[in-house]
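Below is one structure, written out as structure tokens; the observations come after it.
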Amino acid sequence: MKKIVIALSVMALMSSCVSKKKYTDLEARNKETQDLLNTATVKLNSCLEEKAGLAATATALKEQNQGLISVSKDMTILSTKGAQNIEKALESIKEKDLKISRMQDALTKKDSVTLAVVTSLKSAVGISDPDIEINVEKGVVFISIADKLLFKSGSYEVTDKAKGVLAKVAKVVNDKPDFECMVEGHTDNVPYISNGVILDNWDLSVKRSTSIIRVLTNQLGVKPEQLIAAGRSSYVPLVANDTAENKARNRRTRIVVLPKIDQFYEMIEKEMKKQQK
């Protein structure tokens, strides 16, 4: 820039000693040079502005890149944790599947035992009497005997005919010392008139249960520790007490056979404890 000013000054000083033509040429060149200088200055400023913009963009990109790197690290951590959680979930599912499998095996074994008991009882009792039912209810074997085969009306003394049926039941129970039997007495809804010994249907139902238990233990050799006495009065009827026939159905004694129930629940408890460890 200084050189150009000096040159112009020199040209001014020499204007007096140069021809007009040369002066005009020098002046044109000076203008051309000035134009070039202005153009170069404009381009320089433009480049500087562009450089500043690119620098800002580079800084922004660098920050963005750093953010992406940070996010990538977080994603890696999350992915690792996710994989660990999935692995734990799969292990939990495997444990539950194993538990379900063991429970199903236990239930299958219990069902097999129950079925064997039913078959054994039916075979041993060997009676095809509509007043005697041998069945399974809620996984438990029971023998339901109409009271007319066991007792006289209003009485709790076991008949001789009933002793024949009970003898066959006792044989099955004696062959299976692990069993427990609950003897349930049931009445109809006709109120029992107290005779001073028996107060009501509750007393009658329990008294009939204990009478059968005494026959099983005293005469048929069943171990007392295998037997449970229970009376249900009229509160668990099979049918409505609205006819004489229905009342006769509701007057019954049910012998509930519990095959290896303690062992079964013990097996379940052991499996539950295993799962909690």
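We're numbering straight along the sequence, starting at 1.
Once rounded to the nearest 0.5 Å, the distance linking CD1 of I143 with NZ of K168 reads 12.0 Å. Of the inter-residue distances, the one linking L227 atom CG with M182 atom CE reads 11.5 Å to the nearest 0.5 angstrom. Interatomic distance, E157 CD to K207 NZ, rounded to the nearest 0.5 Å: 10.0 Å. Once rounded to the nearest 0.5 Å, the distance linking OG of S155 with CD1 of I198 reads 7.5 Å.
Taking 4.5 Å as the limit, some side-chain heavy atom of V158 sits within range of a side-chain heavy atom of F151. Taking the side chain as every heavy atom from C-beta outward, L149 and V165 never approach each other to under 4.5 Å. The shortest side-chain heavy-atom distance between D203 and Y192 does not fall under the 4.5 Å cut-off. Inter-residue side-chain proximity for R208 and I212 is flagged as unmet; no heavy-atom pair is nearer than 4.5 Å. K247 places a side-chain heavy atom less than 4.5 Å from the side chain of N189. By the 4.5 Å heavy-atom criterion applied to side chains, N174 and L220 are not counted as neighbours.
Shown here for D242 and N246, the closest heavy-atom pair between the two residues is OD1-ND2, 2.8 Å. A pairwise comparison of heavy atoms in T217 and P224 identifies CG2-CA, 3.9 Å as the closest pair. Scanning both residues, G185 and S205, for their nearest heavy atoms gives O-CB, 3.3 Å. A pairwise comparison of heavy atoms in T159 and K152 identifies CG2-N, 4.2 Å as the closest pair. Counting all heavy atoms, side chain and backbone alike, I145 lies closest to L166 at CD1-CD2, 4.5 Å. In terms of heavy-atom proximity, G154 sits nearest to L204 at O-CD1, 4.3 Å.
Counting heavy atoms of neighbouring residues, nucleotides and ligands inside a 6.0 Å radius, atom CD of E245 does not exceed 12 of them. Few gaps surround CD on Q219; more than 12 heavy atoms of other groups in view lie less than 6.0 Å from it.
Listed for the T187 side chain is a donor-acceptor partner under 3.5 Å among the backbone atoms of S233.
A donor-acceptor pair shorter than 3.5 Å cannot be found between the side chains of D200 and S194.
For the side-chain hydrogen bond (donor to acceptor under 3.5 Å, both in side chains) with N250, the lone residue among D147, D188, N241 that qualifies is N241.
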